**Student:** 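Handing you this structure, nothing more for now.
Source: prediction; values computed, not measured. All residue numbers refer to positions in the sequence shown, counting from 1.
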Amino acid sequence: MYLYHFGLRELPFTLTPNTSFYLGLEPHDEALAVLLTALKTGEGFIKVVGEVGTGKTLLCRKLLNEIPEHFVTAYIPNPYLKPDELRRAVAVELGVKQAQRISLQLLTQRIQQRLLELHNQGHSVVLILDEAQALPAESLEALRLFTNLETETRKLLQVVLFAQPELDERLAEKAFRQLKQRITFSYKLRAMTALEVEHYIQHRLQVAGYKGASLFTRAIAKKIAKVSNGIPRLVNIICHKMLMLGYGEGCYQLTNKHLTKAIQDTEGMQHKPPHKFYLASLLITALLVGLYYSWNVIGISL
């Protein structure tokens with residue numbers, strides 16, 4: 001591979017969501033601030049939606065790393081589960097004994113008992129689901145019923161949904177109107193700008209150990225931003241292929257020729273239409289982000 005050729009410690013543009021490469025671009029930092037602020041309120045559903053490849057899973061893992069210590073998390077990365085399977089998965093994550101063996105009726109009781117136990121110990125419990133657009137309709141309803149568990153002052157379980165835009169389309173259906181009303185905070189991830197793409201490329205190279213002259217010129221980075229529509233995953237794919245091509249030719253400066261070949265080698269890239277991203281509830285988002293940074297400044301732990 002090209003590690004030695006370019007003086008790298010590790011591959012800089014892999015598709016694995018590695019939080020050590022987290023850059024803190026504006027959309028991701030804003031989303032993280034919204035999530036942490038919303039969790040502090042202690043009730044309802046929280047939703048983060050973004051197109052394929054915009055960094056939802058990386059953000060999800062960053063949240064798991066950054067969430068305050070008093071939170072107990074139940075993380076389900078693949079929620080394509082029937083309601084009964086979902087209940088058992090949540091029970092396992094919460095440490096309910098014999099969750100895979102007991103009856104569903106007893107399981108529900110045990111989950112509620114466990115939530116009350118954690119609440120009495122001063123913990124908040126959050127259920128985090130990645131790829132939530134894959135949840136079957138019956139499981140979405142089961143999630144809503146989960147959030148009915150509460151004390152007089154606080155929900156016993158909060159739910160964070162990371163999903164593709166298809167989830168919004170489903171929630172717009174009349175059958176899901178009750179669940180939609182439970183979503184108290186939401187954020188829609190946008191794609192990167194051309195300047196952010198340039199910063200993103202240089203950042204990942206630096207984290208991977210690169211110390212030489214610029215491999216990707218500003219002009220090349222701008223073109224990568226255009227053909228990828230600013231989608232981080234596509235930027236990674238293109239940059240990785242360009243580095244492979246440069247290594248194969250013994251080059252230390254990547255060119256338009258390498259970019260063209262990388263595009264030609266990437267499925268569906270050649271005639272990819274531009275994406276449009278719309279940020280929902282901008283005023284609320286700005287308020288939540290402002291609160292998050294204000295609390296950090298005055299030393300209040302989220």
Side-chain angles (χ1 to χ4, degrees), residues 1-33 50-59 62 187-279 282 285 289:
M1 192 53 76
Y2 53 72
L3 292 180
Y4 180 77
H5 180 75
F6 291 111
L8 297 164
R9 291 192 305 269
E10 57 184 315
L11 296 174
F13 298 107
T14 63
L15 300 185
T16 304
N18 185 345
T19 55
S20 66
F21 282 96
Y22 183 83
L23 174 56
L25 294 170
E26 182 181 38
H28 294 95
D29 271 356
E30 283 188 353
L32 188 61
E51 276 289 352
V52 175
T54 49
K56 297 183 298 298
T57 299
L58 178 63
L59 183 61
K62 183 69 173 176
Y187 189 89
K188 186 169 288 187
L189 285 172
R190 62 166 173 82
M192 295 185 290
T193 64
L195 187 60
E196 287 171 340
V197 168
E198 181 185 1
H199 190 190
Y200 176 84
I201 291 171
Q202 300 305 328
H203 171 78
R204 293 189 73 96
L205 284 169
Q206 290 173 6
V207 172
Y210 183 71
K211 300 183 185 299
S214 180
L215 289 172
F216 297 83
T217 65
R218 175 164 293 184
I220 291 290
K222 188 174 181 180
K223 291 177 182 178
I224 292 173
K226 183 176 181 180
V227 298
S228 67
N229 293 313
I231 304 297
R233 183 179 297 166
L234 295 180
V235 172
N236 283 3
I237 291 172
I238 293 171
C239 290
H240 175 62
K241 289 181 178 180
M242 289 180 69
L243 288 171
M244 291 182 68
L245 289 165
Y247 165 67
E249 296 177 3
C251 299
Y252 292 94
Q253 177 70 58
L254 302 175
T255 66
N256 286 320
K257 181 182 68 173
H258 299 128
L259 175 58
T260 299
K261 288 183 177 180
I263 293 170
Q264 291 172 346
D265 188 61
T266 303
E267 187 88 17
M269 181 71 72
Q270 298 88 342
H271 304 291
K272 194 172 183 64
H275 288 284
K276 292 183 179 180
F277 292 85
Y278 299 95
L279 293 176
L282 288 175
T285 294
V289 173

**Student:** Quick one: pull up CD1 in I238 and NE2 in H258 and give me the separation to the nearest 0.5 Å.
**Tutor:**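 If we round to the nearest 0.5 Å, I238:CD1 and H258:NE2 are 14.5 Å apart.
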**Student:** If you compare all heavy atoms of G230 against all heavy atoms of V197, which two are closest, and at what distance to 0.1 Å?
**Tutor:**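 The answer is CA-CG2, 4.2 Å.
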**Student:** So P27 and E196, do their side chains get closer than 4.5 Å, heavy atoms only?
**Tutor:** yes
**Student:** Any sub-3.5 Å donor-acceptor pair from E198's side-chain atoms to R218's backbone N or O?
**Tutor:**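 No: the side chain of E198 does not pair with the backbone of R218.
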**Student:** Main chain of A194, side chain of K222: is a donor-acceptor contact present, judged purely on distance under 3.5 Å?
**Tutor:**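 Judged by distance alone, no pair lies under 3.5 Å.
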**Student:** Hey, is E249 close enough to K257 for a salt bridge, meaning N to O under 4.0 Å?
**Tutor:** yes
**Student:** Assess whether a salt bridge exists between R190 and E51, defined as any Lys/Arg side-chain N lying under 4.0 Å from an Asp/Glu carboxylate O.
**Tutor:** no
**Student:** Considering non-hydrogen atoms only, spot the tightest contact between D29 and G24 and give its length.
**Tutor:** OD2-O, 3.0 Å
**Student:** Give a yes or no on whether the backbone of M242 and the side-chain of K261 come within a donor-acceptor separation of less than 3.5 Å.
**Tutor:**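 Not at all, since once roles are kept as given, no pair shorter than 3.5 Å links the two residues.
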**Student:** Does the pair Q253 and L215 meet the rule for a side-chain contact (heavy atoms from CB on, under 4.5 Å), with working shown?
**Tutor:** CA-CA 5 Å; Q253 177 70 58; L215 289 172; 5.8 Å; no
**Student:** Are any non-hydrogen side-chain atoms of I220 and L254 less than 4.5 angstrom apart?
**Tutor:** no
**Student:** Is there a side-chain contact between L23 and H28 in this structure, where contact means two heavy atoms from C-beta onward sitting under 4.5 Å apart?
**Tutor:**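 The answer is no, as the side chains (C-beta and beyond) never meet within the 4.5 Å cut-off.
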**Student:** Between CG of L195 and NE2 of H199, what distance do you get to the nearest 0.5 Å?
**Tutor:** 8.5 Å
**Student:** What's the separation between atom CG in L245 and atom OG1 in T255, rounded to the nearest 0.5 Å?
**Tutor:** 9.0 Å
**Student:** What's the verdict on side-chain contact (heavy atoms from CB on, under 4.5 Å) for R204 and N236, showing C-alpha distance, side-chain angles and the deciding distance?
**Tutor:** CA-CA 9 Å; R204 293 189 73 96; N236 283 3; 3.8 Å; yes
**Student:** Once rounded to the nearest 0.5 Å, what's the spacing between atom CD1 of I263 and atom CG of N256?
**Tutor:** 9.0 Å
**Student:** Counting C-beta onward and ignoring hydrogens, is there a side-chain heavy-atom pair between L259 and F216 closer than 4.5 Å?
**Tutor:** no
**Student:** Provide the closest heavy-atom pair for S228 versus L234 in the form atom of the first, atom of the second, distance.
**Tutor:** O-CD1, 3.6 Å
**Student:** Can you name the nearest heavy-atom pair linking L189 to G55, along with the distance?
**Tutor:** CD1-C, 4.4 Å
**Student:** Checking the side chain of N229 only, and the main-chain atoms of I231 only, is there a donor and an acceptor separated by less than 3.5 Å?
**Tutor:**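 No; judged by distance alone, with no hydrogens or angles, the pair does not exist.
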**Student:** Measure the spacing between CG of L32 and OH of Y187 and express it to the nearest 0.5 Å.
**Tutor:**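 Between L32 CG and Y187 OH, I get 11.0 Å after rounding to 0.5 Å.
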**Student:** Taking the side chain from T19 and the backbone from Y22, do they hold a donor-acceptor pair closer than 3.5 Å?
**Tutor:**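 No; judged by distance alone, with no hydrogens or angles, the pair does not exist.
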**Student:** Between L59 and A31, which heavy-atom pair has the shortest distance, and what is it?
**Tutor:**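 Heavy-atom minimum between the residues: CD2-CB, 3.5 Å.
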**Student:** First locate atom NZ of K211, then atom CG of L205, and finally report the distance between them rounded to the nearest 0.5 Å.
**Tutor:** 12.0 Å
**Student:** Would you name the heavy atoms of K56 and G50 that are closest together and state the gap between them?
**Tutor:** NZ-O, 3.0 Å
**Student:** What residues, two or more places apart in sequence or in another chain, satisfy ring pair (Phe, Tyr, Trp, His ring centres under 6.0 Å) together with H240?
**Tutor:** Y2
**Student:** Show me the donor-acceptor pairs, under 3.5 Å and distance only, between side chains in residues 4-16 and residues at least two apart or in other chains.
**Tutor:**
residue : atom : partner : partner atom : Å
H5      : NE2  : C251    : O            : 2.8
R9      : NH2  : V207    : O            : 2.8

